[in-house]
Structure formats: C-alpha cells, structure tokens
Amino acid sequence: MADNLESAIDEVIHTEALTKVYPGDILAVDGLDLSVARGEIFGLLGPNGAGKTTTAGMLTTRVIPTGGTAFVGGIDVVAHPTAAKQVIGVVPQTNTLDRSLTVWENLYFHGRFFGMNAKTSKAEATRLLEQFRLSDRATVDVSALSGGMAQRLMVARAIMHRPAILFLDEPTAGLDPQSRIALWDILGELHTDGQTILLTTHYMEEADELCDRLAIIDHGKLLALDTPANLKRSVGIDAMITVSATGDLDRLASVLRDSLTTATKVESVDGVVRVWMQQLVGVLPAIIDAAEKQGFTVTDLSSTEPTLETVFISLTGKDLRE
Amino acid sequence: MTSMTPRATIPAPATLGQSTRVATRRAFFALMLRDLTVLRKQLGQFLPRTLLQPFLLVFVFTYVFPKIGQGVGGSGAGAALFSTMLVAGVVGLSIMFQGIQSVALPMVQEFGYTREIEDRVLAPMPVSLVAMEKVASGALNGLFSAILVFPIAAIVPATPVHLQINWPVLLTLTPLACYMCGALGLTFGTLFDSRTVPLLFGIVVLPLTFLGAIYYPWQSLEPIRWLQIGVLVNPLVYMCEGFRAALTPVPHMSLWAIYPAMIGFSALFTWLGISGFKKRVLS
Ligand SMILES: Nc1ncnc2c1ncn2[C@@H]1O[C@H](COP(=O)(O)OP(=O)(O)OP(=O)(O)O)[C@@H](O)[C@H]1O
Ligand SMILES: [Mg+2]
C-alpha cells in the first residue's frame with residue numbers, strides 16, 4: 001500500500017476522458033486526459049469559452065462531470081468530494097471574499113473552516129497578511145481592497161490550509177501590469193516552495209512565464225500538451241509572417257503558396273495572409289515581389305519568432321486575443 | 001516532507017471516512033461561529049430590524065387603539081383578550097421574519113453579485129450540510145428574536161395580558177418553530193434571486209402574515225369557512241396557534257394538528273431548500 005500511496009501523491013491531478021455536457025447539449029469539456037505532477041505549475045491555456053473554468057470546476061467539486069474520471073491527490077472528486085475539498089485550495093475567477101468580514105477575519109475563519117483551532121488560525125492569519133503585504137489592511141472591510149489586493153488575499157486564503165494543489169482561475173485577469181507581476185512573483189515563490197499549482201489563463205505571456213507544462217484547449221478539447229519550449233519547437237515552425245495587402249486575399253494566398261516552395265503553410269484568415277516558414281532569409285523581399293507581380297499592393301509585412309501565440313494560431317487557426 | 005510548509009498529506013483510504021467526518025463537524029461549527037460573529041458585528045442592524053416591527057404592532061393595536069377608544073375586540077375584557085391573543089402572533093411573526101432576514105436575504109446576495117457562496121461550498125463538508133448550517137443559524141436568530149420580542153408583547157399593551165405558560169409545549173414548540181422558519185428561509189433564499197426578491201415581500205410574505213393567524217385565532221375564522229380551510233396551507237397558522245397554546249389561555253387549534261403540520265412543513269422546506277441549494281451551487 002505504501003507504494004500505491006507514494007505514486008498517488010506524486011501524481012497530484014489525474015483525469016481520464018473527463019467530460020462535461022451542460023444542459024442544453026453544451027459540450028464544454030470533451031474527453032480531457034490530464035496528469036499533473038507534484039510541484040508543477042500546470043497551465044490550461046485557451047480562449048474564452050474553451051472550457052477552462054469548467055475543467056477547474058470539475059476538479060474542485062463544483063461542477064459534476066457527465067463522463068470520465070477525475071482524481072486530485074489520489075481522491076476521486078465525484079465519489080469523495082468532502083475529502084477532495086480538504087486537499088485543494090481555490091482562487092476562483094470572481095472575487096468571493098466574505099463581504100461581512102474584515103481582511104484578517106476572512107483568513108481567520110477560513111482557517112477555522114478547515115479545522116484549525118482558534119490559536120493556530122489567529123497566528124496563521126496574521127503571518128499570511130504579513131507574507132502577502134496586507135498587514136496594514138488587516139482591519140478594513142474587504143470591499144475597501146483594490147483588485148490586486150483582493151486577489152492577493154484570495155491567494156493567501158487558498159493556501160492557508162496547506163492544500164496539496166492550488167487552483168487559480170484566470171488569476172491576473174483585470175489586474176494592472178504592476179499587480180500582475182506582483183502576483184507572478186507570489187506564485188513563483190510558492191512554486192519554489194514546492195506548491196503544486198494549476199492555473200487557467202488566456203494570457204500567453206503568463207503561460208510562458210509561469211508554467212512548467214501547458215495544455216492548450218479549445219472547444220473543450222486538448223489540442224497540445226507540453227512544456228512551453230517544446231510546444232514552440234514541436235509545431236515545426238521558425239516564424240510566422242503576416243502579410244496585409246489589398247485585393248483578393250485567397251488568391252494572394254495561392255500565389256504565395258506557389259512561389260514560396262519552402263513555406264510550411266500559407267493561409268488567408270482575418271483579413272491577412274499568414275505564411276509559416278522554417279527559414280526567413282530573403283523571404284520578405286520574395287513575398288513582395290511575388291505579390292506585386294500579380295498586381296497586389298502589400299500594405300504591411302511583419303514576421304514573428306515562434307511564441308505561444310503562433311503555436312496557438314497554428315493549432316486553432318485563430319488569434320487568442322479578442 | 002521536510003519543507004517549512006507541510007501540505008495536506010493524502011489520507012489512507014481507511015481513515016478517509018473518519019477524517020472527513022471530523023472535518024465536516026469542525027467546518028459546520030466554524031460556519032456557525034462565522035455567522036454569530038457577523039450577527040454580533042451587525043447587532044446595530046439586528047436589534048432595530050428585530051424589535052421595531054413587533055413593537056409598533058403591539059404599540060398601535062394594544063396601546064394606542066384602546067387609549068383612543070378604537071379598540072380591536074371592543075373595550076375592557078375584549079381588549080384584554082386581544083392583547084393576550086396577539087402575544088403569540090407577534091412571537092411567531094418575529095421568528096418567521098428572522099428566517100427571511102437572516103437566511104433568505106443574505107443568501108440571495110451571496111448567490112448574486114458577491115458570489116460568496118462559491119467559497120462557502122468549498123469548505124470541507126457536504127454541500128447539503130452547508131445548506132443545513134444556514135438553517136441552524138437562522139433558527140438561532142429566530143430564537144434570539146423570540147426571546148427579545150416576548151417581553152415587548154407582554155409589557156407594552158395598555159390592557160393586562162393574561163399569560164398561562166405551558167412549559168412542555170413551549171420548550172418543544174419553540175425549537176420546532178425556529179427550525180421550520182430557518183428552513184423556510186433556505187427555501188426562499190434558493191427560490192428567489194436578486195431580480196425577483198422584491199416579489200418575495202410583495203406576493204409571498206404579505207399574504208403569509210396577513211393570513212397567518214397573527215391578528216386573530218384560527219378558530220375565529222369559523223364564519224368564513226372557505227378562508228378557514230384555505231389558510232391551512234400557511235405554515236405560520238400552526239406556529240401562531242402553537243404559541244397561543246404555549247403562552248396563553250386563548251382557545252387554539254388542537255395540538256394534534258399543530259405538531260404534525262409543523263413537522264411536515266419542516267421536512268418539506270428542508271427538502272426543497274437543500275435541493276434548491278444544490279441546484280444553485282453545483283452545475
Ligand atoms: N453553468 C453553465 N451552463 C451552461 N453552459 C455553461 C455553463 N458554464 C459554462 N457554460 C458553457 O461552457 C463552455 C465553456 O465555458 P467555461 O466557462 O468553462 O470557459 P472558459 O474557458 O473558462 O472561458 P473564459 O475564458 O471566458 O472564462 C462555454 O460555451 C459556456 O457558455
Ligand atoms: Mg473561465
């Protein structure tokens with residue numbers, strides 16, 4: 001049994017064919033297989049409506065799966081939700097702080113909910129406020145906190161009972177750049193400290209900066225799963241060139257496809273033509289030449305080194321930024 | 001693990017059930033403690049909202065009216081009977097209002113724009129017990145208000161109030177009434193949302209109170225037979241009649257009807273409330 005337990009602990013999240021169909025036949029998550037190891041920061045990256053919150057909801061017992069299985073810390077979340085709740089910490093997408101209590105009391109009662117005695121919970125609440133640089137706000141109502149402070153308090157609350165896994169749903173959405181970086185620092189420290197983290201985001205930089213491994217999902221389906229570096233390499237592209245021009249772009253795409261023999265892919269989407277190439281040397285003048293010979297006027301031309309953004313675009317055919 | 005911050009260790013399957021039972025019990029009492037703390041912090045709201053309505057009711061009907069010669073129930077003996085009769089109604093009414101004010105209204109808010117409920121259901125306990133804690137805390141609020149309101153109803157009237165306390169009934173009926181109203185609050189809290197909550201007062205609470213045997217004993221409805229039968233769907237009727245039996249010599253509905261009806265309504269509201277709560281927090 002000790003062996004079993006050991007392996008269960010090392011794999012902190014495990015899902016198989018996890019599926020959620022909401023009433024009205026809305027397929028939000030479609031057969032997701034995930035495995036998150038202890039100590040990892042794991043990212044779920046996807047556009048609005050991809051199923052990120054639904055996936056996190058199922059792993060945190062709030063959404064009941066309609067198919068498949070999900071384990072957190074070796075506990076089946078459907079069969080034993082109460083036990084599962086003991087080993088998870090959750091920072092949801094919206095502010096769910098207790099408006100009737102002060103900043104300090106929010107932490108104190110959270111500790112009590114999770115079985116701490118009064119003395120321990122008091123000491124922990126005070127210590128966490130210090131750690132998250134909120135001590136000077138201890139006695140104010142939570143409605144008086146800025147968005148960044150409220151988010152820090154929610155993270156402090158979520159880790160207070162020492163969860164095996166910390167879930168964060170779009171933790172930096174709506175934060176100003178400064179607060180965002182402050183939160184990244186906090187998550188980095190927790191990571192160094194060994195905290196397993198699953199976060200959802202639709203910010204490429206965030207995923208790239210923070211995550212050890214990433215699952216890219218869209219329409220509830222897993223499109224790719226790897227480290228950010230491998231994802232960028234695995235797509236087999238060195239660069240994406242975006243061509244803006246006047247005229248029939250579908251025809252321009254086929255012109256470029258014919259003249260650029262080394263292009264991996266040429267397509268016309270969203271009012272531009274995208275060209276994926278292994279090798280950039282001499283390509284930009286060649287594109288202008290080919291286009292102008294066929295009567296197109298190139299109005300803009302830009303090339304991008306592979307980023308998660310280009311990975312995402314090549315996987316889904318669409319831009320992650322709205 | 002030697003880290004400074006040891007994390008939750010995965011419980012062995014054999015101890016899982018036991019450790020969740022302990023966690024559930026602790027979380028339940030911690031939630032109660034949280035609610036009591038909020039009550040203490042908001043005492044400045046709790047006292048006026050609890051005391052003002054019954055005070056005005058008793059003051060106008062049993063002090064002002066007899067003094068200006070416009071008594072309800074006539075003058076002299078009739079007025080005294082009315083004051084006595086009203087005691088039970090006022091106590092019942094204030095317990096029901098606690099169910100709505102301490103359970104239903106905060107819950108509508110927590111389900112609504114604050115979404116606080118999402119954090120509450122992450123406490124390590126079954127979701128149904130998160131709902132039951134609301135009922136328990138509403139019942140406790142009801143008990144406090146009954147204790148506060150009873151002296152008002154007994155002292156303010158201009159005409160003497162004749163109390164005749166039946167302790168066995170009082171001691172069993174009070175907790176039952178408080179529980180029933182807590183469960184009623186849970187049901188209303190999950191049935192209404194922030195857009196529809198004005199309707200709660202307009203079309204639910206108003207008929208419940210005016211047709212709840214607060215201002216008149218149920219038996220006195222005899223001449224209007226259809227109404228007398230119709231109001232039997234109102235849980236407040238049994239509660240007020242029960243307090244009449246517990247506190248006063250006024251004739252009341254049979255205890256053989258009061259207890260089963262209140263137990264039945266308690267069960268119904270518990271079931272409606274918990275399933276409504278689950279529907280709202282789990283998807
Ligand atoms: N309670 C619900 N009932 C019905 N459909 C839902 C519900 N919650 C989500 N959906 C649908 O499921 C799909 C996935 O939603 P989800 O919230 O998981 O996406 P997301 O990736 O978190 O998006 P966002 O970036 O906007 O937060 C969407 O099509 C959404 O409309
Ligand atoms: Mg979401």
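What you see is a predicted model; the values in this text were computed from it and never measured. Each chain gets a letter, A, B and so on, in the order the sequences are listed, and its residues count up from 1.
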* **Per-residue contact mode, A:Asp98 against chain B (heavy atom under 4.5 angstrom)** => both

* **Heavy-atom contact with chain A under 4.5 Å, split by part of B:Thr24** => side chain

* **Residue A:Ile159 versus chain B: region with a heavy atom under 4.5 Å** => neither

* Minimum heavy-atom distance between A:Phe113 and B:Ala27, given as atom pair plus value -> O-CB, 3.4 Å

* Atom CG in B:Asp119, atom NE2 in A:His110: separation rounded to 0.5 Å? -> 7.0 Å

* Structure fact -> So, the part of A:Thr94 with a heavy atom under 4.5 Å from chain B: the answer is side chain

* Asked: What's the shortest heavy-atom distance between B:Lys41 and A:Leu101, and which atoms?
  -> NZ-CA, 3.9 Å

* To do: Give the minimum heavy-atom separation between A:Phe114 and B:Leu122, together with the two atoms involved.
  => CZ-O, 3.5 Å

* **Heavy atoms of other groups near B:Phe29 CZ, more than 12 under 6.0 Å** => no

* Which of the residues B:Glu116, B:Arg26, B:Arg115, B:Arg25 is involved in the greatest number of heavy-atom pairs with chain A at under 4.5 angstrom? -> B:Glu116

* Pair A:Arg99 + B:Glu110: basic N to acidic O under 4.0 Å -> no

* Is atom CZ of B:Phe210 surrounded by more than 12 heavy atoms (other residues, nucleotides or ligands) closer than 6.0 Å? -> no

* A:Gln86 versus B:Pro124, closest heavy-atom pair with distance -> CG-CB, 3.5 Å

* Structure fact -> Here the gap from B:Asp35 atom CG to A:Phe109 atom CZ, rounded to the nearest 0.5 Å, amounts to 9.0 Å

* Asked: In terms of heavy-atom proximity below 4.5 Å to chain A, should B:Gln42 be classed as side chain, backbone, both, or neither?
  -> side chain

* Please report the shortest heavy-atom distance between A:Lys85 and B:Val121, naming the atom on each side. => NZ-O, 2.9 Å

* Do any of residues 55-63 of chain A have a heavy atom less than 4.5 Å from a heavy atom of chain B, and if so, which, in residue order? -> A:Thr60, A:Thr61, A:Arg62, A:Val63

* Most contacts with chain B, counted as non-hydrogen pairs under 4.5 angstrom, among A:Ala84, A:Pro23, A:Pro81, A:Ser100 -> A:Ser100

* **Contact origin within A:Pro92 toward chain B - heavy atom pairs under 4.5 Å** => side chain

* **Best-contacting candidate, B:Ala30, B:Pro126, B:Ser283, against chain A by heavy atom pairs under 4.5 angstrom** => B:Ser283

* Can you tell which part of B:Arg120 gets under 4.5 Å to a heavy atom of chain A, answering side chain, backbone, both or neither? => side chain

* Heavy-atom distances under 4.5 Å only: say whether A:Ser143 touches chain B with side chain, backbone, both or neither. => neither

* **Portion of B:Leu129 that has a non-hydrogen atom of chain A nearer than 4.5 angstrom** => neither

